[in-house]
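I have placed the structure first, in the form of structure tokens, so that the comments after it can refer back to it.
All of these numbers come straight from a predicted model, not from anything done at the bench. Both counts, for ligands and for their atoms, begin at 1 and track the order of listing.
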Amino acid sequence: MICPRCKTENGSRTVCSNCGYFLYRATSQNVAKRTGLERAIDDTKIVGKGVWKIARVIWIVIVMIVLSFWVIAAIMFLTGGKVILG
Ligand SMILES: [Zn+2]
């Protein structure tokens with residue numbers, strides 16, 4: 001691969017031997033060689049805001065479930081279970 005900064009031929013190197021430029025970021029061919037983890041990290045960065053929205057919704061749902069459990073538990077305690085069990 002030819003370094004885009006200093007035009008030095010570096011073969012299959014990922015870093016330029018002349019100037020230290022990171023070559024693997026330059027081509028889509030090498031992007032395909034990246035590990036699933038690296039792609040997952042990048043995807044997380046891209047969709048990070050969406051993930052946070054989903055995580056917040058999940059958190060609200062969990063809080064609602066826990067709160068409703070305690071509300072039901074409180075109603076059962078106060079009524080002796082008559083509301084739930086008849
Ligand atoms: Zn270079």
Should V66 and F69 be regarded as members of a common hydrophobic cluster, given that ILVMFWY residues are connected when their side-chain heavy atoms come within less than 4.5 Å of each other, either directly or indirectly?
yes
Is there a continuous path of hydrophobic side-chain contacts, each under 4.5 Å between heavy atoms, that joins I62 to I54?
yes
What heavy-atom pair brings E9 and M1 nearest, and what distance separates the two atoms?
OE2-N, 2.8 Å
Rounded at 0.5 Å granularity, tell me how far CD1 in I72 sits from CG in L67.
11.0 Å
At a cut-off of 2.8 Å, protein N/O/S around the Zn ion (ligand 1) gives C3 SG, C6 SG, C16 SG, C19 SG
Set of residues satisfying side-chain contact (heavy atoms from CB on, under 4.5 Å) with respect to V71, sequence neighbours excluded
I75
Is the backbone of S17 close enough, under 3.5 Å, to the side chain of N10 for a donor and an acceptor to pair up by distance?
yes
